Amino acid sequence: MVVYKFGGTSVGTPERIKEISKLINTDETKIVVLSAMSGTTNKLVEISRLLYGKENLKAIEEVTALQNYYFEVVEDLFLDDHFKNKGKELITSHFNYIISFTEDLFTVHEEKAVLAQGELLSTALLHFYLEEQNIDSSLISALDFMRIDKDGEPDEFYIKENLLREIEKTSSKIIITQGFICRNSFGEVDNLKRGGSDYSASLIGVASSAREVQIWTDIDGIHNNDPRFVEGTKSIDYLSYDEAAELAYFGAKILHPASIQPSKKSNIPVRLKNTMSPLSEGTLIGSEIKGNGIKSIAAKDNITVIKIKSGRMLLAYGFMRKIFEIFEIYKTSIDMIVTSEVAVSITIDDNTYLKNITEELNNLGVVEVDEQMSIVCIVGNFIDESKGYALEIFKALKNIPIRMISYGGSRHNVSLLVNTSDKKEALNLLNQNLFADVY
Ligand code: ASP
């Protein structure tokens with residue numbers, strides 16, 4: 001068994017759906033996990049916003065526009081009128097369902113049901129397309145096996161039991177299902193948060209004891225730097241789970257950060273592949289740690305740094321707990337933290353409760369806030385006895401102001417906080433200095 005996951009752009013046009021169907025038409029049994037067609041979830045978020053605000057006419061306008069787009073997709077995807085009609089009926093029923101919410105109270109539960117329509121549509125369209133091509137496949141609903149518990153964590157026991165039962169019912173080599181969507185502990189439609197299809201694929205890989213989980217995107221794996229800001233980046237052949245997790249979290253947009261953990265726990269290899277170049281190997285992620293030194297650089301934007309200065313920290317205990325409690329109350333996770341005897345600097349990437357947090361922190365000391373910062377993260381395998389990595393990094397960045405440094409938290413990450421306006425230059429300087437031998 002192998003799990004293939006295709007993201008939004010890989011199912012973004014009828015042509016791409018046709019390409020996928022060629023890629024998956026092999027002898028090995030596989031579960032194909034799909035995202036919604038690109039842009040759809042964003043549109044559904046916007047439609048939900050209008051429905052919340054009871055802007056029903058606008059919502060219907062948006063729904064109709066999206067529905068018409070899907071009608072065009074169906075026209076191009078299928079050859080035969082029978083399938084074109086089947087596709088149109090499917091689309092109409094999904095969009096009528098969304099429009100039915102204009103009649104009712106619209107809450108977060110209805111929103112989740114609306115967001116689920118994107119994945120339900122993309123998977124059904126691929127299933128119909130394969131049927132038209134006489135390629136046998138089964139469509140199973142993630143709502144029948146994917147579940148999160150009351151803390152929002154995947155219920156791995158339930159997922160395994162129910163997924164295996166669904167798989168047993170079919171003899172098809174191609175089993176299609178939705179990424180992202182699930183049920184919660186009340187049995188309501190829910191989801192694994194934005195970009196969650198990778199997470200679905202990883203959980204499905206674990207539940208089905210897959211030999212590999214393949215995440216298919218438009219780039220040949222994880223690169224050694226961010227190709228949007230640095231020219232001539234190279235794809236990395238292999239990373240350990242921990243290295244990949246650091247990169248996924250700190251910027252490499254290619255993989256959802258949560259998706260590494262389940263695969264790591266069950267030691268299922270994850271391979272990042274490129275739909276545009278299916279024969280290239282991409283990046284393999286596994287348990288072994290291979291090679292030392294710096295492997296990749298990534299950056300994460302929209303970081304806010306909060307500094308708390310207080311004489312009360314001197315030789316005190318319990319001060320950090322008081323700070324952390326405030327972040328816990330406001331469900332805001334902390335990325336970087338550095339301390340001195342009289343101050344603590346903390347970074348966050350979610351400013352929803354920034355005002356509340358700073359108000360409460362004011363009781364503990366003098367608070368300073370800086371926004372528009374970026375974390376530049378250098379990932380690799382920094383073995384304890386090795387020397388010189390820090391020197392190389394700081395030499396490269398000698399002309400860039402660095403606001404915070406975090407080194408030693410794990411063996412795989414050095415994080416630096418810089419102004420976002422300096423990020424591109426920092427990425428390029430690090431590239432020239434750290435990977436000089438690669439070019
Ligand atoms: N369609 C969902 C989103 O856009 C999930 C995913 O694509 O992974 O967030």
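We use all heavy atoms of the structure for the numbers below, so side chains are in, but hydrogens, waters and symmetry mates are not. Read the numbers this way: they start at 1 and go in the same order the structure lists the ligands and their atoms. Numbers here simply count residues along the sequence, with the first being 1. Remember, it's a predicted structure, so these values are computed and weren't measured experimentally.
For atom 3 (C) of ligand 1, the closest non-hydrogen atom of the protein is R194 NE, 3.3 Å. The nearest heavy-atom contact from the protein to atom 6 (C) of ligand 1 is S197 OG, 3.2 Å. Ranking protein heavy atoms by distance to atom 7 (O) of ligand 1, first place goes to S35 OG, 3.1 Å.
Heavy atoms of G195 approach ligand 1 to within less than 4.0 angstrom. For E119, the closest heavy-atom approach to ligand 1 falls below 4.0 Å. Ligand 1 lies less than 4.0 angstrom from a heavy atom belonging to G196.
The shortest N or O to N or O distance between T41 and ligand 1 is below 3.5 Å. In terms of polar-atom proximity, K5 is not counted as a contact of ligand 1, lacking any N or O under 3.5 Å from an N or O of the ligand.
Taking the ring centroids of F128 and F83, they lie at or beyond the 6.0 Å cut-off.
Residues K424 and D226 are not paired through a salt bridge, judged by the lack of any N-O separation under 4.0 Å between the basic side chain and the carboxylate. Salt bridge present: E46 and R49 bring a charged side-chain N and a carboxylate O closer than 4.0 Å. A salt bridge does not link E281 with K273: every distance from a Lys NZ or Arg NE/NH1/NH2 to an Asp or Glu carboxylate oxygen is 4.0 Å or more. With respect to R165 and E161, no salt bridge is recorded, no charged nitrogen being found less than 4.0 Å from a carboxylate O. Between K300 and D335 there is a salt bridge, since a side-chain N of the basic residue sits under 4.0 Å from a carboxylate O of the acidic one.
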